[in-house]
Visitor: 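Starting off with a structure, shown below.
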Protein chains: 2
Amino acid sequence: MDNPPTTTGRVTITDVARAAGVSVATVSKVVNGRYGVAATTAERVLEVVAHLGYETSLVASSLRRSRTNVIGILLAGFDPFATEILKGISAEAVGKGYELLAYSGAISDDNAVGWERRSLSRLGGTLIDGAIILTPTVNVPTASVPVVAVDPHTGSGGPSTVDCDNIEGARAATRHLIDLGHRRIAHVRGRTDLESARLREQGYRESLEDAGIPYDPDLVRDGGYRAAWATDAARELLSLDDPPTAIFAANDLSAFGVMEVARERGLRVPQDLSVVGFDDIPEAASASPRLTTIAQPLQEMGMRAVTMLIALLEGRRIETHVQLPSQLVIRKSTAPPPGAAPEA
Amino acid sequence: MDNPPTTTGRVTITDVARAAGVSVATVSKVVNGRYGVAATTAERVLEVVAHLGYETSLVASSLRRSRTNVIGILLAGFDPFATEILKGISAEAVGKGYELLAYSGAISDDNAVGWERRSLSRLGGTLIDGAIILTPTVNVPTASVPVVAVDPHTGSGGPSTVDCDNIEGARAATRHLIDLGHRRIAHVRGRTDLESARLREQGYRESLEDAGIPYDPDLVRDGGYRAAWATDAARELLSLDDPPTAIFAANDLSAFGVMEVARERGLRVPQDLSVVGFDDIPEAASASPRLTTIAQPLQEMGMRAVTMLIALLEGRRIETHVQLPSQLVIRKSTAPPPGAAPEA
DNA sequence: CTGAAAGCGCTAACAA
DNA sequence: TTGTTAGCGCTTTCAG
């Protein structure tokens, strides 16, 4: 609590300058490899730097400089979806000379929407040279730094974007269920403020229509992309007079919630209830039963985002929208409906 | 490329002050909720803030302030191990009023060791209030901010630490193979500059000794905790005149490398070769065959680290070392050695 | 070749 | 209640 008599611990450029008997300007030049410093002086400064363990403060230098070589990744939280993309980003960024800074602001209920704008303002312009924003909920305004959005709110007008084919993915998921013989197919919707959720519901409805199955609004509930909310949705669905024999959840986390409810009701998956997810996060393959889902190439999406952002930072023109294919991965959570003839 | 005629995009406190017709000091007070501002003035400022979309720059304010409410997480890269811990950190930090900033410096070969010191210097003191360092390779020196180390280089002397019982985990892994009937058990070592790798090797040797199996140095190779390096190790091991019937890899990634080599040699896992990993990252459960491994409670380790760091930040005393138990998870990559009598 | 000085955006004393 | 001033650590002209 008291003011420490000595220094506070962090060694600053001033400390180095004093110890080396030069000015801070000289130290700065040496540290940044600028010309115009005598070799002997430089050597002495470097020695002091090494001895004191000095590192230039990212904060202070970024305030003064225009470039920091730091790529910001803005996200709402480190969930399996985001971390999977992070893996791709990290793998692609290695060796390219950029540092990575993944930032998650303090999320609370009243800033669940619009967090990306706030984060971008807080970091942008000084700390980071550019940003990759994961799953923005709103249109990111023209920002002060280059931005690439992954799984964005909307596919056009805003910044460059990377996403996967949500509609076709949802169609494939629903079609798989239909091919299995299901007719009462429910959908646990994602976060309705996200474009991806809208598209997945659309794919679900299109696929139903293709098969001539009438759309029943009773079979669609909000799951908010979260396991906890999806359980409520699943409970409602399974309490229906004519309950579904299959549920297409808008993402894997929701699917886990659905399976949990099935378990608590004594329903076997897939014999009594088929479940399909979306995303194919690593946890999907190890769920019990292993989850049939639509795989998004999450890591590749991250890699592409980095490639695009670096191109932007280097002033190159890039394609503004990259869409990667999704793919049905059939595992063990889907089967023909109860009472159906056994598979041929 | 040309200098834009208007402003550069980012709106600063000066812009707000000018637009509201007040001084920057007043804006600062309003934005930070300080007392001593007339209600009407505050209202007007707030209006301008909302209209311009102003957010205080984390960089500038952190340079001046002592607290930022940001927790730094320092890591060498976003690999499955780190991201798993991140999930725990994020889950635990939500609602606690802290922002999270995961930072990975530009890693290259010449700074593979010592990156944590550099990162800490670059962020510490100003940007972040405290740090959680994942898998530091060296002893983190007494830092300018509170630090908690996860899976640290050494368990004592330095900062507060969280890890799991590496020795007992490695013993359990080896014992499992011995119980299956294996006698030629190899070990693909981790990064020898990391404490965990040392401890896992120690557990391996202890378990061998307990069973009266002589230690054969030929059966231990370096895998550096990386799949790519582990393949080399595995190739050497499987080219031995008297090759092992089982391999205990120091982490799951290495185990994947081992399984890849087995595949390319036409060896079936587990019939021809048993493989055990360590960590139980999500990918382990979905590998083919599903990987028997030692589970570390990675997410919980992250949670505990947050709890400890927040306690530290609030000036509370804490236990300096938390060790969580590891646990053997038997899946499909281990079986009795070829030619052994079938299981009873 | 070196250092003094200005200033990045912001906060915190202190004056007015 | 408000504004003026100093300064966080650093980089960058610009004189010396």
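When reading the values below, keep in mind they use all heavy atoms of this one structure, side chains included, and skip hydrogens, waters and symmetry mates. So that the names make sense, note that chain A is the first sequence line, chain B the second, and so on, each numbered from 1. This structure is a prediction, so every number in the text was calculated from the model and none was measured.
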Visitor: Distance-only check: which donor-acceptor pairs under 3.5 Å involve side-chain atoms of residues 64-71 of chain A, not counting sequence neighbours?
Guide:
unit_1  : atom_1 : unit_2   : atom_2 : d
A/Arg65 : NH2    : A/Asn32  : OD1    : 3.4
A/Arg67 : NH2    : A/Asn69  : OD1    : 3.4
A/Arg67 : NH2    : A/Tyr98  : OH     : 2.9
A/Thr68 : OG1    : A/Val70  : N      : 3.4
A/Thr68 : OG1    : A/Leu127 : O      : 2.9
A/Thr68 : OG1    : A/Asp129 : OD1    : 3.1

Visitor: Atom CZ of B/Arg122 to atom P of D/dG9: distance rounded to whole Å?
Guide: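 So the two atoms are 16 Å apart, to the nearest Å.
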Visitor: So if I take residues 40-54 of chain B and measure heavy-atom distances to DNA chain C, which residues fall below 4.0 Å?
Guide: B/Tyr54
Visitor: Can you check the B/Ile128 CD1 to D/dC8 P distance for me, whole Å?
Guide: 21 Å
Visitor: For B/Ser23 and for A/Thr14, find the nucleotide of DNA chain D with the closest heavy atom, then tell me which residue's nucleotide is more 5'.
Guide: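 Looking at DNA chain D, the more 5' nearest nucleotide goes with B/Ser23.
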Visitor: Indicate, yes or no, whether a donor-acceptor pair under 3.5 Å links the base of D/dG7 to the side chain of B/Arg64.
Guide: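 Such a pair exists between side chain and base.
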Visitor: Taking CG from B/Leu127 and P from D/dG9, how many angstroms apart are they, rounded to a whole number?
Guide: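 Answer to the nearest Å: 13 Å.
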Visitor: If you compare all heavy atoms of B/Ser119 against all heavy atoms of B/Tyr103, which two are closest, and at what distance to 0.1 Å?
Guide: OG-CE2, 3.4 Å
Visitor: Taking side-chain hydrogen bond (donor to acceptor under 3.5 Å, both in side chains) as the definition, give me every residue that meets it alongside A/Ser90, ordered by chain and number, with sequence neighbours left out.
Guide: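 If we apply the side-chain hydrogen bond (donor to acceptor under 3.5 Å, both in side chains) test to A/Ser90, skipping adjacent residues, there are no hits.
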Visitor: Between D/dG9 atom P and B/Leu123 atom CG, what is the distance in whole Å?
Guide: 15 Å
Visitor: Output one line per pair: protein atom, nucleotide atom from nucleotides 13-16 of chain C, and distance, for all N/O pairs under 3.5 Å.
Guide:
none

Visitor: Which residues in residues 30-39 of chain B have a heavy atom closer than 4.0 Å to any atom of DNA chain C?
Guide: B/Asn32, B/Arg34
Visitor: Looking at CG of B/Leu58 and CG of B/Leu63, how far apart are the two atoms once the value is rounded to the nearest 0.5 Å?
Guide: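 If we round to the nearest 0.5 Å, B/Leu58:CG and B/Leu63:CG are 11.0 Å apart.
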Visitor: In whole angstrom, give the distance that lies between atom CZ of B/Arg10 and atom C1' of C/dG9.
Guide: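 Taking CZ of B/Arg10 and C1' of C/dG9, I get 8 Å after rounding.
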Visitor: Considering residues at least two apart in sequence or located in another chain, which fulfil the side-chain hydrogen bond (donor to acceptor under 3.5 Å, both in side chains) criterion with A/Thr137?
Guide: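 A/Thr137 satisfies side-chain hydrogen bond (donor to acceptor under 3.5 Å, both in side chains) with A/Glu116 only.
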Visitor: Looking at B/Val24, is its backbone amide N or carbonyl O close enough to the side chain of B/Ser28 to form a donor-acceptor pair, meaning the two atoms are under 3.5 Å apart?
Guide: no
Visitor: Looking at D/dG9, C/dA12, D/dT12, which one has an atom nearest to any side-chain atom of A/Ser28?
Guide: D/dT12
Visitor: How is A/Val59 classified with respect to the nucleic acid when contacts are heavy atoms under 4.0 Å: base, sugar-phosphate, or nothing?
Guide: nothing
Visitor: Among residues two or more places apart or on two chains, list those pairs meeting salt bridge (Lys or Arg N to Asp or Glu O under 4.0 Å) that have a residue in residues 35-51 of chain B.
Guide: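 Non-adjacent pairs meeting salt bridge (Lys or Arg N to Asp or Glu O under 4.0 Å): zero.
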Visitor: Return a table of donor-acceptor pairs under 3.5 angstrom between the side chains of residues 48-56 of chain A and protein atoms on other chains or two or more places apart.
Guide:
none

Visitor: Among residues at least two apart in sequence or on other chains, which ones pass side-chain hydrogen bond (donor to acceptor under 3.5 Å, both in side chains) with B/Thr26?
Guide: B/Ser23
Visitor: How long is the gap from CG on B/Leu46 to OG1 on B/Thr41, to the nearest 0.5 Å?
Guide: 11.5 Å
Visitor: Between C1' on D/dC10 and CG on A/Leu63, what's the gap in Å once rounded to a whole number?
Guide: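 In whole Å, D/dC10 C1' and A/Leu63 CG are 8 Å from each other.
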Visitor: Using the C1' atoms of the five pairs at each end, what is the angle between the end axes of the helix from C/dC1-D/dG16 to C/dA16-D/dT1, to 10°?
Guide: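 Between the axes fitted at each end of the helix from C/dC1-D/dG16 to C/dA16-D/dT1 lies an angle of 50°.
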Visitor: Could you check which of D/dG3, D/dT12, C/dC10 has an atom nearest any side-chain atom of B/Ser61?
Guide: C/dC10
Visitor: Looking at residues at least two apart in the chain, or sitting in another chain, which of them share a side-chain hydrogen bond (donor to acceptor under 3.5 Å, both in side chains) with A/Arg316?
Guide: A/Glu314
Visitor: Atom CD1 in B/Ile132, atom CD1 in B/Ile89: separation rounded to 0.5 Å?
Guide: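 So the gap between those two atoms works out to 4.0 Å.
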Visitor: What's the CZ-P distance between B/Arg18 and D/dT2, to the nearest Å?
Guide: 20 Å
Visitor: Heavy atoms from C-beta onward define the side chain here; which of C/dG3, D/dT12, C/dT11 lies closest to that of A/Thr26?
Guide: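 Taking heavy atoms from C-beta onward, the closest nucleotide is C/dG3.
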Visitor: Grab the CD1-P distance between B/Ile13 and D/dG3 for me, whole Å please.
Guide: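 After rounding, the reported distance stands at 12 Å.
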Visitor: Write out all pairs satisfying salt bridge (Lys or Arg N to Asp or Glu O under 4.0 Å) with one or both partners inside residues 79-102 of chain B, taking only residues at least two apart or from two chains.
Guide: A/Arg118-B/Glu99, A/Arg122-B/Glu99, A/Glu283-B/Lys87, B/Glu84-B/Lys87, B/Glu92-B/Lys96
Visitor: To check you understand the geometry: which heavy-atom pair defines the closest contact between B/Ala82 and B/Gly77, and what is its length?
Guide: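 Where B/Ala82 meets B/Gly77 most closely, the heavy atoms are CB-O, 3.6 Å.
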